[in-house]
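Counting convention: from 1, in listed order, for ligands and their atoms alike. The structure presented is a predicted model; accordingly, all values stated were derived computationally and were not measured.
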Amino acid sequence: MNAPVHPIHIQRRDAAPADASCGHAHVERWSVEQIEALFDLPFNDLILRAQAVHREHFAPNQVELATLLSIKTGGCPEDCGYCPQSVHYDTGVDATKLMDVEAVAAAARTAKEHGATRFCMGAAWRAPKDRDIEAVSAIVREVKSLGLEACCTLGMLSETQAASLKDAGLDYYNHNLDTAPEAYGRIISTRDYQDRLNTLGHVRNAGINVCSGGIVGMGETRKERAGLVAQLANLEPYPESVPINELVRVEGTPLADEKPLDPLEFVRTIAVARITMPLARVRLSAGRQQMSEAVQALCFLAGANSVFYGEKLLTTGNPDVEKDRALFEKLGVTTAASQHIG
Ligand code: SAM
Ligand code: DTB
Ligand code: SF4
């Protein structure tokens, strides 16, 4: 291993105890500079290292399939500069009410039939009201009864709301840090970084698995990408699930004309997430529809082992199920649900 990217040692849950007598696990923490040094490695060295970490902890050819459903679309009061669901931007997305339990269950059943093992439900709220949490809890119970893992992303949560969702059986809560702290103010003005960290704390304390990642391709620098990964990797413990989204540039949003990120820089971001969060599911999330198969294959090589599966993300498109199956078949990728997709 290269000297500049050696982590400093602190406590984390996934390392063997260095000193059994004190009962503490001495583990790694990553500085932004160390993560930048990873980003700066020659591409082949970076990918080889990420692949080695990946093989230590996961079946090398297995990818998790998670299907997304927008259970409450549009009309959101926040001003996230990337988001088609904000009321601040004219994107043609109509606001809807929360879907009813039966409609969500029907979509979850279809997702399961297609091979998904996780069902993720998104709502365009700044923060749900307590009565929304009651309604979503009923939905979560139904999804769980189908034998699927349930994930929700509903905005900011209070401690008691997180506890209610845990009671309903929620497995994961998605709340993204989105970008580095220093870049955050350029993208969102209606809530701050600490609000996001607080919600992640409430989710963690409730005993729900944390799903948190970000978006790249929003005009950030490499140092800022490293800053995002550092924030995630230094959470104690780091998230169980880390979605890396490539910005989907939506007409009407402030980021509609952002210059696309170099695809190899996206692959590097996946690799760096894998190396710094060895036990996390790293999800190759939004942006796959715009991505070539070759770049997706490189993302899997770099340690991505989860994707969103199904024709739609929340409001934008995702590759067709048939197209994904053909890609997995070509790559010899298997999923948790079926041994070999074909
Ligand atoms: N309203 C909730 C919130 O923001 O926490 C949940 C839904 S929100 C749409 C979930 C995540 O989707 C955002 O945090 C962001 O990371 C991602 N997202 C939204 N629009 C996107 C876009 N155009 N491209 C890539 N990712 C996007
Ligand atoms: C995440 O990190 N990406 C997903 C999910 N979590 C909720 C959302 C992607 C949204 C892409 C834009 C859209 O379809 O509206
Ligand atoms: Fe609202 Fe979430 Fe979109 Fe931000 S990302 S505008 S909070 S739906």
Side-chain angles (χ1 to χ4, degrees), residues 66-89 91-96 98 118-128 132 136 151-157 161 172-179 184 187-193 195-200 202-203 210-220 228 232 239 241-258 260-261 266 269 273 280-291 304 306-319:
T67 293
L68 250 184
L69 177 69
S70 181
I71 58 172
K72 192 267 164 222
T73 306
C76 182
E78 300 292 279
D79 67 354
C80 310
Y82 47 75
C83 186
Q85 304 198 65
S86 164
V87 284
H88 298 268
Y89 317 126
T91 60
V93 170
D94 294 326
T96 66
L98 180 64
R118 192 183 294 186
F119 194 65
C120 305
M121 295 159 276
W125 286 316
R126 167 184 165 78
D132 298 324
V136 173
C151 176
C152 281
T153 179
L154 315 170
M156 293 186 284
L157 283 191
Q161 291 177 331
Y172 288 83
Y173 193 81
N174 168 242
H175 197 65
N176 291 336
L177 292 180
D178 277 346
T179 190
Y184 188 85
I187 309 291
I188 301 158
S189 77
T190 46
R191 61 183 165 182
D192 63 26
Y193 218 73
D195 291 328
R196 301 221 168 200
L197 293 168
N198 292 346
T199 290
L200 293 182
H202 297 155
V203 170
V210 170
C211 172
S212 188
I215 308 177
V216 294
M218 299 196 294
E220 73 283 345
L228 165 67
L232 295 165
S241 184
V242 178
I244 305 293
N245 297 276
E246 174 157 22
L247 174 70
V248 180
R249 287 166 287 138
V250 179
E251 200 65 41
T253 62
L255 293 176
D257 298 323
E258 192 58 57
L261 185 72
F266 185 83
T269 310
R281 280 271 166 198
V282 175
R283 184 170 308 117
L284 163 53
S285 302
R288 283 202 306 123
Q289 202 174 36
Q290 293 74 37
M291 220 174 264
S306 179
V307 293
F308 285 125
Y309 182 64
E311 280 75 15
K312 212 168 171 198
L313 293 167
L314 293 173
T315 64
T316 65
N318 197 43

Q: Drop me the distance from Lys312's NZ to Ser70's OG, to the nearest 0.5 angstrom.
A: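 Taking NZ in Lys312 and OG in Ser70, the distance rounds to 7.0 Å.
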Q: First locate atom CG of Asp79, then atom OG of Ser86, and finally report the distance between them rounded to the nearest 0.5 Å.
A: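 So the CG of Asp79 and the OG of Ser86 are separated by 6.0 Å.
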Q: List every atom of ligand 1 that sits less than 4.0 Å from any heavy atom of Asp178, numbering the atoms from 1 in the order shown and giving each element.
A: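 Heavy-atom distances to Asp178 below 4.0 Å select 14 (O), 15 (C), 16 (O).
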Q: Within the supplied structure, the quantity of interest is the number of heavy atoms (other residues, nucleotides, ligands) at a distance under 6.0 Å from Glu251 CD; does it exceed 12?
A: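 Result for CD/Glu251: open.
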Q: Tyr82 near ligand 2, heavy-atom distance under 4.0 Å?
A: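 Contact absent.
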Q: At less than 4.0 angstrom from any non-hydrogen atom of Glu78, what atoms of ligand 3 do you find?
A: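 Per the distance check, 1 (Fe), 4 (Fe), 6 (S), 7 (S).
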Q: Evaluate the 4.0 Å heavy atom contact test for atom 8 (S) of ligand 1: does a protein atom fall under the cut-off?
A: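 It does not; no protein heavy atom is within 4.0 Å.
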Q: To the closest 0.5 Å, what do you measure between CZ (Arg288) and CD (Glu246)?
A: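 The distance works out to 12.5 Å.
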Q: Which atoms from ligand 2 have a heavy atom of Pro84 less than 4.0 Å away?
A: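 Going through ligand 2 atom by atom, the ones under 4.0 Å from Pro84 are 15 (O).
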Q: Which part of Leu314 is near ligand 1, with near meaning a heavy atom under 4.0 Å away: side chain, backbone, both or neither?
A: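 The answer is the side chain.
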Q: Can you tell me how far the CG atom of Leu247 sits from the CD atom of Glu258, to the nearest 0.5 Å?
A: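 Result: 7.0 Å between the selected atoms.
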Q: Quick one: nearest non-hydrogen protein atom to atom 6 (C) of ligand 1, plus distance?
A: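 Protein heavy atom with the smallest distance to atom 6 (C) of ligand 1: Thr153 OG1, 3.1 Å.
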Q: Starting from atom 3 (N) of ligand 2, find the nearest protein heavy-atom neighbour and note its residue, name and distance.
A: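 Ranked first by proximity to atom 3 (N) of ligand 2 is Asn245 OD1, 2.9 Å.
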Q: For Glu246 and ligand 1, answer yes if some heavy atom of the residue is under 4.0 Å from a ligand atom, otherwise no.
A: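 Glu246 counts as a contact of ligand 1 under the 4.0 Å cut-off.
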Q: Could you tell me which atoms of ligand 3, counted from 1 in the order shown, lie closer than 4.0 angstrom to a heavy atom of Tyr82?
A: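 Atoms satisfying the 4.0 Å criterion: 5 (S).
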Q: Can you tell me which residue and heavy atom of the protein come closest to atom 1 (Fe) of ligand 3, and the distance to 0.1 Å?
A: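 Protein heavy atom at minimum distance: Cys76 SG, 2.2 Å.
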Q: Is it true that a side-chain atom of Glu220 and a backbone atom of Met218 form a donor plus acceptor pair closer than 3.5 Å?
A: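 Checking the backbone N and O of Met218 against the side chain of Glu220, a donor-acceptor pair under 3.5 Å is found.
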Q: Could you tell me whether a side-chain N or O of Thr179 sits under 3.5 Å from a main-chain N or O of Tyr184, the two making a donor and an acceptor?
A: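 No: the side chain of Thr179 does not pair with the backbone of Tyr184.
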Q: Can you name the atoms of ligand 3, numbered from 1 with element, that are less than 4.0 Å from a heavy atom of Ala124?
A: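 Those qualifying, in numeric order: 8 (S).
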Q: Using a strict 4.0 Å cut-off to heavy atoms of His175, name the atoms of ligand 1 that fall inside it.
A: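 The list of qualifying atoms is 5 (O).
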Q: Please report whether ligand 2 has a polar contact with Thr153, defined as an N or O pair separated by less than 3.5 Å (distance criterion only).
A: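 By distance alone, the answer is no.
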Q: Can you tell me how far apart CD (Gln289) and OG1 (Thr316) are? Round to the nearest 0.5 Å.
A: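 OG1 of Thr316 is found 7.5 Å from CD of Gln289.
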Q: When you compare the side chains of Tyr82 and Asp178, does any donor N or O come within less than 3.5 Å of an acceptor on the partner?
A: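 There is such a pair between these side chains.
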Q: Would you say ligand 1 has an N or O under 3.5 Å from any N or O of Val248?
A: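 N/O-N/O distance below 3.5 Å exists for this pair.
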Q: For Arg126 and Pro77, work out which heavy atoms get closest and say how close.
A: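 Shortest heavy-atom separation between Arg126 and Pro77 comes out as CB-CG, 4.0 Å.
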Q: Between Arg281 and Cys211, is any pair of side-chain heavy atoms under 4.5 Å apart?
A: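 Of all side-chain heavy-atom pairs linking Cys211 with Arg281, none is under 4.5 Å.
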Q: Considering only heavy atoms from C-beta outward, does the side chain of Pro239 approach that of His175 to under 4.5 Å?
A: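 Counting from C-beta outward, Pro239 and His175 never come under 4.5 Å.
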Q: Please report which non-hydrogen protein atom sits nearest to atom 26 (N) of ligand 1, along with the residue it belongs to and the distance in Å to one decimal place.
A: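 So the nearest neighbour among protein heavy atoms is Ile215 CD1, 3.5 Å.
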Q: Starting from atom 4 (Fe) of ligand 3, locate the nearest protein heavy atom and write down its residue, its atom name and how far away it is, to 0.1 Å.
A: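 The closest heavy atom on the protein side is Cys80 SG, 2.3 Å.
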Q: I want to check something: taking the side chain as every heavy atom from C-beta on, are Ile215 and Leu228 in contact at a cut-off of under 4.5 Å?
A: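 Ile215 does not reach Leu228 side chain to side chain.
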Q: Would you confirm whether Tyr173, through its side chain, and Leu200, through its main-chain N or O, come within 3.5 Å as a donor-acceptor pair?
A: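 Looks like no, no N/O pair under 3.5 Å.
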Q: Any side-chain to backbone donor/acceptor pair from Thr199 onto Leu157? Under 3.5 Å, distance only.
A: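 Indeed, once roles are kept as given, a pair shorter than 3.5 Å links the two residues.
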Q: Please check if the side chain of Asn174 supplies one atom and the backbone of Thr153 the other of a donor-acceptor pair under 3.5 Å.
A: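 Answer holds: no.
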Q: Provide, to 0.1 Å, the distance between atom 12 (C) of ligand 2 and the closest protein heavy atom, together with that atom's residue and name.
A: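 Sorting protein heavy atoms by distance from atom 12 (C) of ligand 2 puts Thr316 OG1, 3.6 Å first.
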Q: How far is atom 4 (C) of ligand 2 from its nearest protein heavy atom, and which residue and atom is that?
A: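 Going by distance alone, atom 4 (C) of ligand 2 is nearest to Phe308 CE1, 3.6 Å.
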Q: Is Leu314 close to ligand 2, meaning an N/O of one under 3.5 Å from an N/O of the other?
A: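 Between Leu314 and ligand 2 (N or O atoms, distance only) the closest approach is under 3.5 Å.
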Q: Hey, does Ala123 come in under 3.5 Å of ligand 1, counting only N/O atoms on both sides?
A: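 N/O-N/O distance below 3.5 Å exists for this pair.
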Q: Quick check on contacts: which atoms of ligand 2 are under 4.0 angstrom from a heavy atom of Pro243?
A: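 With Pro243 as reference, the close atoms of ligand 2 come out as 2 (O).
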Q: Please report whether ligand 2 has a polar contact with Ser285, defined as an N or O pair separated by less than 3.5 Å (distance criterion only).
A: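 There is no such contact.
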Q: Between atom 1 (Fe) of ligand 3 and Cys83, is there an N, O or S atom separated by less than 2.8 Å?
A: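 Given the 2.8 Å cut-off, Cys83 does not count as a ligand of atom 1 (Fe) of ligand 3.
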Q: Can you list the atoms of ligand 2 that are under 4.0 Å from a heavy atom of Asn176?
A: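 Close to Asn176: 1 (C), 2 (O).
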Q: List the atom of Thr315, the atom of Pro84, and the distance in Å for their closest heavy-atom pair.
A: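 The answer is OG1-CG, 3.3 Å.
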Q: Nearest to atom 4 (O) of ligand 1 by heavy atom, Arg249, Met218, Arg191: which?
A: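 Ranked by closest heavy atom to atom 4 (O) of ligand 1, first place is Arg191.
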Q: Is there at least one pair of N or O atoms, one from Thr315 and one from ligand 2, spaced under 3.5 Å apart?
A: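 The answer is yes, given that Thr315 and ligand 2 share an N or O pair closer than 3.5 Å.
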Q: Can you tell me the protein heavy atom closest to atom 6 (N) of ligand 2 and the distance?
A: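 Nearest neighbour among protein heavy atoms for atom 6 (N) of ligand 2, to 0.1 Å: Asn174 OD1, 3.1 Å.
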Q: Tell me whether ligand 1 is touched by Gly122 - counting only heavy atoms on the residue side and a distance under 4.0 Å.
A: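 Flag not set, Gly122 not near ligand 1.
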Q: For ligand 3, which part of Arg191 has a heavy atom less than 4.0 Å away: the side chain, the backbone, both, or neither?
A: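 Looking at Arg191 and ligand 3, just side chain atoms fall under 4.0 Å.
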Q: Looking only at protein heavy atoms, which one is nearest to atom 11 (C) of ligand 1, and what is the separation?
A: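 Scanning the protein heavy atoms, the shortest distance from atom 11 (C) of ligand 1 goes to Asn176 ND2, 3.8 Å.
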Q: If I compare all heavy atoms of Ala256 with all of Val250, which pair ends up nearest, and what's the gap?
A: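 Minimum heavy-atom contact is CB-O, 3.3 Å.
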Q: Compare Trp125, Tyr82, Tyr173 and give the one whose heavy atom is closest to atom 22 (C) of ligand 1.
A: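 Nearest option to atom 22 (C) of ligand 1, by heavy atoms: Tyr82.
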Q: If only atom types and distance count, is the side chain of Asn318 paired as donor or acceptor with the main-chain N or O of Glu311 below 3.5 Å?
A: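 Checking the backbone N and O of Glu311 against the side chain of Asn318, no donor-acceptor pair under 3.5 Å is found.
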Q: Which residue owns the protein heavy atom closest to atom 2 (C) of ligand 1, what's the atom, and how far is it?
A: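 Minimum-distance protein heavy atom for atom 2 (C) of ligand 1 reads Gly155 N, 3.5 Å.
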